[in-house]
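In what follows, a structure is listed as structure tokens, so that the remarks can point back to it.
Values reported hereafter were calculated over all heavy atoms of this structure, with side chains retained and with hydrogens, waters and symmetry mates removed.
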Amino acid sequence: MTICRKIQHIMSCFSTTFIITSKSRLKALREEKKVTQRVIAAHLGLTDIAYGFYEQGKNYPNMDTLIKIADYFGVSLDYLVGRSDKKNL
């Protein structure tokens, strides 16, 4: 396997893990806070459809949006993207 193929494989695995972890965590955090997708989307300056795609794993946020989401829920980026099970550092 060439270096390029190995990197593509690693990135593919990361993307899949990120989407699976982040979408379940996003929904759980939202339900825990007892807010709607529309409320969070408005806070982030997104449509509720765009935010809903994050929870469904159909799309994922850029770094700026990830930081805003982490701040909104009061969790670390590591928790949000599945690198840690601790909500706060």
Side-chain angles (χ1 to χ4, degrees):
M1 188 180 278
T2 67
I3 290 282
C4 288
R5 288 233 187 248
K6 286 180 183 180
I7 291 171
Q8 287 174 336
H9 176 71
I10 290 167
M11 292 306 293
S12 173
C13 291
F14 171 76
S15 294
T16 302
T17 302
F18 168 77
I19 291 169
I20 291 168
T21 303
S22 64
K23 75 178 191 176
S24 60
R25 289 209 169 153
L26 285 174
K27 186 173 182 177
L29 288 166
R30 180 178 58 79
E31 289 174 344
E32 194 175 292
K33 196 166 178 114
K34 298 181 180 162
V35 294
T36 64
Q37 289 180 347
R38 181 166 288 166
V39 168
I40 297 169
H43 178 79
L44 298 172
L46 302 170
T47 65
D48 50 334
I49 292 171
Y51 180 80
F53 281 176
Y54 297 159
E55 283 193 12
Q56 296 169 35
K58 292 182 179 179
N59 199 358
Y60 51 95
N62 62 30
M63 183 56 72
D64 290 337
T65 305
L66 275 174
I67 291 168
K68 289 177 186 176
I69 292 169
D71 289 346
Y72 180 84
F73 288 118
V75 298
S76 69
L77 284 173
D78 283 346
Y79 177 78
L80 197 58
V81 299
R83 287 187 45 164
S84 172
D85 289 330
K86 294 180 182 178
K87 286 186 179 181
N88 298 308
L89 295 177

- Tyr51 versus Ala41, closest heavy-atom pair with distance: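 Scanning both residues, the minimum pair turns out to be CB-CB, 3.9 Å.
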
- Item | Nearest non-hydrogen partners of Tyr54 and Leu26, listed with the distance |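 Scanning both residues, the minimum pair turns out to be CB-CD1, 3.7 Å.
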
- With sequence neighbours excluded, tell me which residues meet salt bridge (charged side-chain N to carboxylate O under 4.0 Å, His left out) with Asp85.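 Listed in chain order: Arg25.
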
- Query: Does Glu32 have any salt bridge (charged side-chain N to carboxylate O under 4.0 Å, His left out) partners at least two apart in sequence or in another chain, and if so, which?
  - Reply: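 Once residues adjacent in sequence are excluded, the partners of Glu32 under the salt bridge (charged side-chain N to carboxylate O under 4.0 Å, His left out) criterion are Lys87.
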
Could you tell me which residues satisfy side-chain contact (heavy atoms from CB on, under 4.5 Å) with [X], sequence neighbours excluded, listed by chain and number?
X     : answer
Val35 : Arg30, Lys33, Val39, Ile40, Tyr72
Leu77 : Met63, Leu66, Ile67, Ala70
Ala50 : Leu46, Thr47

- Indicate, with yes or no, if Leu44 and Val81 share a hydrophobic cluster defined by side-chain heavy-atom contacts under 4.5 Å among Ile, Leu, Val, Met, Phe, Trp and Tyr.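 Yes; tracing contacts between hydrophobic side chains, which count when under 4.5 Å, links both residues.
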
- Could you tell me the separation between the CD1 atom of Ile69 and the CG atom of Asp64, rounded to the nearest 0.5 Å? 11.0 Å

- Note on the structure: salt bridge (charged side-chain N to carboxylate O under 4.0 Å, His left out) pairs touching residues 34-51, sequence neighbours excluded, are Arg38-Asp48

- Message: Any heavy-atom pair between the side chains of Leu29 and Tyr79 that's under 4.5 Å?
- Response: yes

